[in-house]
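For reference, the structure discussed in these notes is given below.
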Amino acid sequence: MLKLGILDQSHINEGQNAIDALNNTLELAKAADRLGYSRYWMSEHHDFPSLAHSSPEIMISHVAAHTSRIRVGSGGIMLPHYSAYKVAETFRLLEALHPNRIDLGVGRAPGGTPLVNRAMQEGKFPSMHAADRYPQQIVDLIGYLNEATPADHRYAGLTAQPSIDTMPELWLLGSSGGTAELAAMTGASYAFAQFFGTTGGEDAVAHYKENFRPSVLSPTPKSLAAITVACAETEEEAEYLMRSNDLYFLTLRQNRPLPYLPSAKTAAEYHYNDMELANIRDSRRFRVVGTPDQVKERLLQFAADYQTDELLIVSAIHDNQARIRSYELLAEAFKLNDAAPAHA
């Protein structure tokens with residue numbers, strides 16, 4: 001049975017502020033816990049006025065404390081900015097507080113502009129670019145999470161406290177074959193960010209599975225893909241809700257990002273030129289919009305194409321109640337509660 005999770009970027013909706021957005025995230029997470037979703041991930045972005053936070057590890061603690069069943073994690077921690085040891089400490093603590101419920105998704109991207117990257121890297125790594133350290137950071141992170149750094153490691157004997165019997169589930173996030181190769185080589189789980197509109201995901205996941213090496217993390221490959229969805233009782237309503245996403249990402253691609261997620265009304269009243277309309281039509285190829293039956297059919301096909309049994313749903317819908325309703329309709333269509341474990 002196909003499992004569904006949620007990726008939430010905590011958009012600040014037009015007419016609201018960051019505190020409202022954080023409250024919206026918590027409200028959706030509680031609903032996801034009740035509805036039977038498999039996991040709830042939160043992203044890391046820096047200096048984005050339209051996004052409410054840049055610290056998924058803090059939000060994980062908050063959301064996990066207010067839910068009881070759903071796995072909660074990062075989608076993802078931008079690892080080149082940080083010490084692998086510190087990340088291991090943080091996520092082992094989260095795992096100790098919420099055993100068997102924490103996901104550590106990590107990525108290579110800076111999560112912001114070149115200026116952000118310089119600020120995050122200030123005074124660090126003078127001998128090489130931070131991203132070049134990423135493969136070694138993954139190896140180090142696995143060692144710290146498992147208390148299994150080799151005897152010849154440069155920090156041999158160092159333990160990421162607290163020392164516990166379980167570990168967070170490690171996922172490598174990417175939109176390219178390079179990350180798939182690294183995930184396969186290290187035996188980590190792999191998540192493909194299809195919602196970026198990136199092509200080649202099917203090949204990347206296939207390469208990951210074909211080249212996977214069993215490891216202390218998992219004996220078998222584990223993958224998922226993240227996709228943008230808007231679901232409503234009618235096709236017309238779903239199309240209307242997706243307009244917020246259309247305009248928001250259009251301005252982002254044009255390097256003139258909005259400081260908020262626009263309402264569907266604002267997006268409907270926007271005067272698009274022919275090139276912008278063509279851009280939106282092209283982007284819609286990567287998104288799923290419609291009624292529960294329509295969305296279910298497309299998601300099942302998408303999962304088959306990606307050879308995966310789990311998808312992360314990204315729904316940038318301005319009205320938070322309409323956003324929650326979209327997830328409710330999906331949960332009903334896929335009968336998620338029939339497959340979900342009982343609440344603790």
Side-chain angles (χ1 to χ4, degrees), residues 1-11 13 19-44 51-53 55-77 90-91 93-105 166-171 173 189 191 195 222 224-232 292 295-296 299 303 308-317 319-344:
M1 180 177 292
L2 183 64
K3 294 188 291 184
L4 300 181
I6 294 174
L7 173 61
D8 183 10
Q9 296 176 301
S10 298
H11 288 99
N13 296 329
I19 294 174
D20 296 321
L22 297 177
N23 289 333
N24 289 342
T25 284
L26 183 59
E27 185 179 10
L28 177 59
K30 289 178 177 179
D33 193 44
R34 169 176 52 84
L35 292 168
Y37 281 86
S38 58
R39 61 187 85 237
Y40 195 98
W41 286 5
M42 289 158 284
S43 61
E44 175 182 337
L51 303 181
H53 71 82
S55 300
E57 61 272 35
I58 294 176
M59 289 301 296
I60 289 168
S61 181
H62 184 57
V63 167
H66 287 84
T67 53
S68 62
R69 177 203 55 81
I70 195 168
R71 296 190 66 90
V72 186
S74 56
I77 296 293
T90 298
F91 277 79
L93 175 57
L94 289 168
E95 175 69 16
L97 293 170
H98 306 285
N100 298 308
R101 290 186 58 211
I102 301 300
D103 292 337
L104 170 52
T166 61
M167 65 172 289
E169 198 170 274
L170 180 64
W171 290 79
L173 281 54
S189 300
F195 72 99
K222 189 172 186 179
L224 60 77
I227 184 168
T228 298
V229 174
C231 186
V295 170
K296 181 179 181 180
L299 290 181
T308 185
D309 62 0
E310 184 168 5
L311 300 175
L312 279 190
I313 307 303
V314 188
S315 294
I317 295 173
D319 184 313
N320 201 50
Q321 295 310 306
R323 182 169 72 144
I324 291 173
R325 183 57 181 157
S326 178
Y327 283 110
E328 287 176 343
L329 292 171
L330 276 182
E332 292 166 5
F334 282 92
K335 297 180 171 57
L336 296 185
N337 258 328
D338 291 353
H343 279 46

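The figures here come from the full heavy-atom set of this structure, side chains too, leaving out hydrogens, waters and symmetry mates.
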If you measure from CD1 on Ile19 to CG on Asn23, what distance do you get to the nearest 0.5 Å? 7.5 Å
Which distance, rounded to the nearest 0.5 Å, do you find between the CG of Leu336 and the CG of Leu330? 8.0 Å
Asp33 and Arg69: which non-hydrogen atoms are nearest, and at how many Å? OD1-N, 3.0 Å
Considering non-hydrogen atoms only, spot the tightest contact between Asp103 and Ile60 and give its length. O-CD1, 4.5 Å
So, does Asp309 use its side chain to make a donor-acceptor pair with the main chain of Lys3 at under 3.5 Å? no
Determine whether Tyr40 and Leu28 satisfy the following criterion, side-chain contact (heavy atoms from CB on, under 4.5 Å), listing intermediate values before the conclusion. CA-CA 9 Å; Tyr40 195 98; Leu28 177 59; 3.6 Å; yes
Test log, rule side-chain contact (heavy atoms from CB on, under 4.5 Å), inputs Leu224 and Arg39: CA-CA 11 Å; Leu224 60 77; Arg39 61 187 85 237; 4.0 Å; yes
Smallest separation among heavy atoms of Met1 and Phe334, with atom names: SD-O, 4.2 Å
Close side-chain approach of Val63 and Met42, heavy atoms under 4.5 Å: yes
For a 4.5 angstrom cut-off between non-hydrogen side-chain atoms, does His53 reach Ile58? no
Any side-chain donor paired with an acceptor under 3.5 Å for Glu310 and Ser38? yes
Exercise: identify the closest heavy-atom pair between Gln9 and Val314: OE1-CG1, 4.5 Å
Check whether any side-chain heavy atom of Ser315 sits under 4.5 Å from a side-chain heavy atom of Val229, and report yes or no. yes
Thr166: partners by side-chain hydrogen bond (donor to acceptor under 3.5 Å, both in side chains), with sequence neighbours left out: Glu95
From Thr25 OG1 over to His11 NE2, what is the distance, rounded to the nearest 0.5 angstrom? 10.0 Å
Salt bridge check: are Arg325 and Glu328 linked by an N-O gap of less than 4.0 Å? yes
Could you tell me which non-hydrogen atom of Ala191 sits nearest to which non-hydrogen atom of Trp41, and how far apart they are? CB-CZ3, 4.1 Å
Chi angles and distances behind the side-chain contact (heavy atoms from CB on, under 4.5 Å) call for Val72, His98: CA-CA 9 Å; Val72 186; His98 306 285; over 6 Å; no
Any non-hydrogen side-chain atom of Asp20 less than 4.5 Å from a side-chain atom of Asn13? no
Report the C-alpha distance between Asp8 and Arg323 in whole Å, list the side-chain angles of each, state the deciding distance to 0.1 Å, and finish with yes or no for side-chain contact (heavy atoms from CB on, under 4.5 Å). CA-CA 11 Å; Asp8 183 10; Arg323 182 169 72 144; 3.1 Å; yes
Return the CG to NZ distance between Leu2 and Lys335, rounded to the nearest 0.5 Å. 13.5 Å
Can you name the closest pair of heavy atoms from Leu7 and Gly75 and give their distance? CD1-O, 3.9 Å
Is the closest side-chain heavy-atom distance between Ile227 and Ile313 below 4.5 Å? yes
Are any non-hydrogen side-chain atoms of Leu22 and Met59 less than 4.5 angstrom apart? yes
Give, for atom CD of Gln321 and atom OG of Ser326, the distance between the pair rounded to the nearest 0.5 Å. 12.5 Å
Under 4.5 Å between any side-chain heavy atoms of Leu4 and Tyr327, yes or no? no
Any chance you could measure Ser74, atom OG, to Leu173, atom CG, to the nearest 0.5 Å? 7.5 Å
